[in-house]
Chemist: 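One structure coming up, written as structure tokens, with questions to follow.
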Amino acid sequence: MRNFIITLFFLCLSISAFAEDYYVACYYYDTVTDENSSNPSLMEPSKIYIGASSNYYWALDNKSSEKLTLHGNIKDGFFVEKIYTRNDIIKSCERAIEKGVVLWPSKKSYKLYDFKASMSNFHAYEYPIRFIKDNFKKSKIKQIIVFGDSLSDTGNLKRWTKVIPYYPYWYGRFSNGFIWPDYFTNTTQIPIFNFSYGGAKTSGSNEILINNFSDKVDAKVAKLVSGNSKLAISDYLNNYLTVNSYKSKTKTIYKPKEALYIVWIGSNDYVADFEFRKITNLLLKDKDSEKKINIIVKNTVRNIMTQIKTLYLKDAYYFLVMNIPDIGKSPAVLSAKYVKYNDEIKDKQEFSEKFSAVIQKHNIELKKSIDALNKKLQGKIKIIYFDIAKDFDSYINNKHFYVDDIFDYGYTLLNSNIPVAGKKDTFIQNSCYTGGYTKVALITSLSNESYYKSSLEHACKNSNKEVDKNTIFWDSPHPTSLSHCWLSYVIQKKLEDLELIKKTSLSMNEYKEFCLNKDFVLE
């Protein structure tokens with residue numbers, strides 16, 4: 001009966017689905033994450049309507065307590081709001097979350113973490129909001145579009161599959177909390193339209209690694225579920241270029257020099273689950289490994305550059321293209337079936353070095369290709385190559401990002417038994433969570449307490465027997481929310497140094513306190 005009433009309630013709320021009005025969906029999270037949480041399963045498949053369980057309320061108008069109606073229209077996938085400010089919307093959302101609704105009561109532990117423009121509960125699309133009255137006068141960039149994989153996915157794959165990644169992954173993120181786009185939008189207040197999907201590649205699959213029919217099936221399944229950046233860019237260009245809320249479409253990007261395109265893709269071209277075994281065998285046994293690896297690298301980088309050109313032909317101007325962090329120093333190495341010397345330490349170290357060399361090849365080729373395209377299209381395009389691999393290497397070694405000094409980033413080490421070759425007292429890190437993307441979802445009738453206890457069986461603990469949230473890696477090879485907070489910091493500082501966004505005066509020590517703050521609240 002309760003399920004029927006809730007379904008009826010949402011149907012009533014969606015009467016406006018065919019209207020032109022846009023409202024604000026205020027996404028909340030529960031700061032309580034143990035068995036006393038009302039939603040520890042974090043976007044589990046809903047039992048009452050299609051999709052993942054909702055975790056939002058509609059923003060309320062201050063005067064009437066009805067749903068707040070926005071004033072503006074859609075331009076290139078962003079709702080451009082003309083009347084309200086960001087602060088107005090945050091206050092309306094906080095009021096809605098505090099009040100709750102009769103059939104979906106709120107709790108004091110609920111906090112706002114995001115908001116989007118949408119027409120109704122059953123409308124298929126929602127949009128980041130850009131505020132004209134705020135408008136970031138000191139920032140050239142007013143909006144950001146991201147194309148990437150699980151390192152940037154803020155819930156897209158979860159909304160598509162309804163399951164992956166399951167609890168204790170955080171609201172569709174491949175981490176234990178917020179990831180870099182969440183932090184970046186909060187600290188810069190620049191809206192992001194995110195087209196990243198966990199598992200996404202640059203395009204299709206690495207055909208050079210497909211040996212049989214089974215591999216072809218795996219490749220098609222991976223493409224069906226996660227897609228690739230080529231498809232994501234096509235979706236953006238074909239479905240979102242408009243200046244008047246889809247009454248008509250445009251052929252080019254609206255005000256291109258106010259938009260930044262962040263491209264962070266490529267890891268899955270090397271480490272997708274079904275291909276990781278092939279990469280291992282390629283490095284271990286194949287006499288032509290060097291030649292084949294060079295082909296994979298060239299294919300991957302060529303795909304990225306082709307996609308940048310596709311956006312450029314629609315007038316895109318500013319790009320931030322990030323290279324791949326050293327996966328050879330990540331927990332992914334620990335699960336590789338690389339057996340050459342029958343000595344675990346020696347085998348893992350050699351695989352680590354060989355795989356690091358593959359990633360280095362990719363990064364060198366990527367920079368060379370970007371330099372060439374910048375030179376060819378000088379004055380017509382601005383592609384920024386960002387060596388985030390260097391910053392992440394500094395991070396995992398407790399080295400300051402910008403000076404030659406030690407810096408404590410606030411994480412605890414989770415050392416494996418495999419030393420990093422050539423580095424004294426430095427070990428490849430274990431991941432904290434080892435339960436897989438769907439392990440806790442196998443029995444969907446679990447109680448909240450059972451969900452929580454089951455997840456704890458597969459997670460690292462601190463001295464208080466609580467999940468240690470502040471390690472470097474959450475799983476293999478995804479960083480924790482703390483690590484993502486620092487990734488956001490270096491991305492923000494890079495754009496500030498290039499004078500593309502407004503500069504802040506936040507020191508690294510002050511930012512560390514922000515990253516370690518348990519409750520994330522929009523400002």
Side-chain angles (χ1 to χ4, degrees), residues 148-151 199-231 263-308 321-342 346-373 385 387 389 421 428 476-477:
D149 51 30
S150 54
L151 290 174
K201 297 182 181 183
T202 58
S203 181
S205 60
N206 284 321
E207 300 296 333
I208 194 171
L209 295 177
I210 292 181
N211 298 325
N212 52 48
F213 178 75
S214 176
D215 290 340
K216 289 183 179 180
V217 171
D218 286 340
K220 289 185 181 300
V221 169
K223 183 176 179 179
L224 175 66
V225 173
S226 299
N228 55 62
S229 52
K230 180 181 179 181
L231 292 174
V263 180
W264 196 11
I265 193 79
S267 295
N268 290 308
D269 290 66
Y270 304 100
V271 300
D273 286 345
F274 83 98
E275 289 183 354
F276 191 77
R277 296 188 299 274
K278 303 291 187 300
I279 284 283
T280 305
N281 290 333
L282 189 63
L283 294 174
L284 179 62
K285 301 174 182 177
D286 201 308
K287 293 180 181 178
D288 295 325
S289 63
E290 188 75 16
K291 180 180 178 181
K292 290 182 178 180
I293 286 167
N294 286 339
I295 291 172
I296 294 169
V297 168
K298 286 185 179 298
N299 286 345
T300 302
V301 172
R302 184 178 63 243
N303 290 338
I304 294 171
M305 302 312 298
T306 299
Q307 289 156 31
I308 290 173
V321 182
M322 299 194 281
N323 64 9
I324 301 176
D326 187 359
I327 306 169
K329 301 297 188 296
S330 79
V333 169
L334 304 176
S335 59
K337 301 287 191 289
Y338 188 93
V339 181
K340 182 177 179 181
Y341 304 104
N342 288 319
K346 198 171 181 180
D347 285 334
K348 299 296 187 192
Q349 284 183 327
E350 181 170 292
F351 180 75
S352 170
E353 290 181 286
K354 285 188 174 183
F355 200 46
S356 293
V358 173
I359 301 305
Q360 187 177 22
K361 278 180 180 287
H362 169 92
N363 292 342
I364 291 171
E365 182 70 18
L366 181 64
K367 186 177 188 305
K368 185 173 73 174
S369 298
I370 287 173
D371 289 344
L373 188 57
Y385 172 82
D387 190 1
I428 292 175
S476 174

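Because the structure is a prediction, the values reported are computed rather than measured.
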Chemist: Taking everything shown except Gln360 itself, do over 12 heavy atoms lie less than 6.0 Å from its CD?
Modeler: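 Not buried by this count: 12 neighbours or fewer within 6.0 Å.
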Chemist: What's the shortest heavy-atom distance between Ser476 and Pro331, and which atoms?
Modeler: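 Shortest heavy-atom separation between Ser476 and Pro331 comes out as OG-C, 3.3 Å.
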Chemist: Should the heavy atoms of other residues, nucleotides or ligands under 6.0 Å from NZ of Lys340 be counted, would the total exceed 12?
Modeler: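 Counting neighbours around NZ of Lys340, more than 12 heavy atoms of other residues, nucleotides or ligands fall under 6.0 Å, so yes.
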Chemist: May I ask you to decide if Ala389's main-chain N or O and Asn323's side chain share a donor-acceptor pair within less than 3.5 Å?
Modeler: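 Yes; judged by distance alone, with no hydrogens or angles, the pair exists.
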Chemist: Looking only at non-hydrogen atoms, find the nearest pair between Phe355 and Gly328 and report the distance.
Modeler: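 What the structure gives for the nearest pair is CD2-N, 4.0 Å.
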Chemist: Is it the case that the side chain of Lys201 and the backbone of Asp269 share a donor-acceptor pair, with hydrogens and angles ignored and the cut-off at 3.5 Å?
Modeler: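 No: the side chain of Lys201 does not pair with the backbone of Asp269.
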Chemist: Tell me whether the count of non-hydrogen atoms from other residues, nucleotides or ligands lying under 6.0 Å of NZ in Lys230 goes above 12.
Modeler: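 Open.
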Chemist: What closest approach, in Å, do Ser229 and Ile265 show between heavy atoms, and which atom pair accounts for it?
Modeler: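 The pair with the smallest heavy-atom distance is OG-CG1, 3.9 Å.
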Chemist: Please enumerate all residues that pass side-chain contact (heavy atoms from CB on, under 4.5 Å) together with Lys368, with sequence neighbours excluded.
Modeler: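 Partners of Lys368 under the side-chain contact (heavy atoms from CB on, under 4.5 Å) test: Glu365.
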Chemist: Using only atom types and a distance under 3.5 Å, with no angle test, would you say the side chain of Ser352 pairs donor to acceptor with the backbone of Lys348?
Modeler: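 Side chain of Ser352 to backbone of Lys348, a donor-acceptor pair under 3.5 Å: no, none is there.
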Chemist: So Asp286 and Lys292, do their side chains get closer than 4.5 Å, heavy atoms only?
Modeler: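 Lys292 vs Asp286: side chains touch.
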Chemist: Can you find a heavy atom in the side chain of Tyr385 that is under 4.5 Å from one in the side chain of Val321?
Modeler: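 They are not in side-chain contact.
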Chemist: How would you list, by chain and number, every residue that makes a side chain to side chain donor-acceptor pair (under 3.5 Å) with Asp326, sequence neighbours excluded?
Modeler: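 For Asp326, the residues satisfying side chain to side chain donor-acceptor pair (under 3.5 Å) (neighbours in sequence not counted) are Lys329, Ser356.
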Chemist: Can you find a pair of side-chain heavy atoms, one from Asp149 and one from Ser267, that are under 4.5 Å apart?
Modeler: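 The answer is yes; the side chains approach within 4.5 Å.
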Chemist: Once rounded to the nearest 0.5 Å, what's the spacing between atom CD1 of Ile304 and atom CG of Leu373?
Modeler: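 It comes to 12.5 Å.
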Chemist: Hey, what do you get for CG (Leu282) to CD (Glu290), rounding to the nearest 0.5 Å?
Modeler: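 Interatomic distance, Leu282 CG to Glu290 CD, rounded to 0.5 Å: 9.5 Å.
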Chemist: Please round to the nearest 0.5 Å and tell me the distance separating atom NZ of Lys361 and atom NZ of Lys298.
Modeler: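 If I round to the nearest 0.5 Å, the distance is 9.0 Å.
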Chemist: Please list, chain by chain and in numerical order, all residues satisfying ring-ring contact (aromatic ring centres under 6.0 Å, His included) with Tyr338, sequence neighbours excluded.
Modeler: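 By the ring-ring contact (aromatic ring centres under 6.0 Å, His included) rule, Tyr338 matches Phe351.
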Chemist: Less than 3.5 Å apart, any donor N or O on the side chain of Thr202 or Asn303 sitting next to an acceptor on the other?
Modeler: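 Indeed, the side chains of Thr202 and Asn303 share at least one donor-acceptor pair under 3.5 Å.
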Chemist: I need the Thr300 OG1 to Ile295 CD1 distance, nearest 0.5 Å.
Modeler: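 These two atoms lie 11.5 Å from each other.
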Chemist: Do Asn299 and Arg302 have side chains that approach each other closer than 4.5 Å (heavy atoms only, starting at C-beta)?
Modeler: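 They are in contact (side-chain heavy atoms under 4.5 Å apart), so the answer is yes.
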Chemist: So Ile327 and Tyr270, do their side chains get closer than 4.5 Å, heavy atoms only?
Modeler: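 In short, these two side chains do not touch, never coming nearer than 4.5 Å.
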Chemist: About how many Å separate CG of Leu283 and NZ of Lys354, when rounded to the nearest 0.5 Å?
Modeler: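 Rounded to the nearest 0.5 Å, the NZ-CG separation comes out at 6.0 Å.
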Chemist: Can you tell me how far apart CD1 (Ile324) and CG (Leu366) are? Round to the nearest 0.5 Å.
Modeler: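 CG of Leu366 is found 8.0 Å from CD1 of Ile324.
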Chemist: For the residue pair Gln307 and Ser203, what are the closest heavy atoms and their distance?
Modeler: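 Scanning both residues, the minimum pair turns out to be NE2-CB, 4.3 Å.
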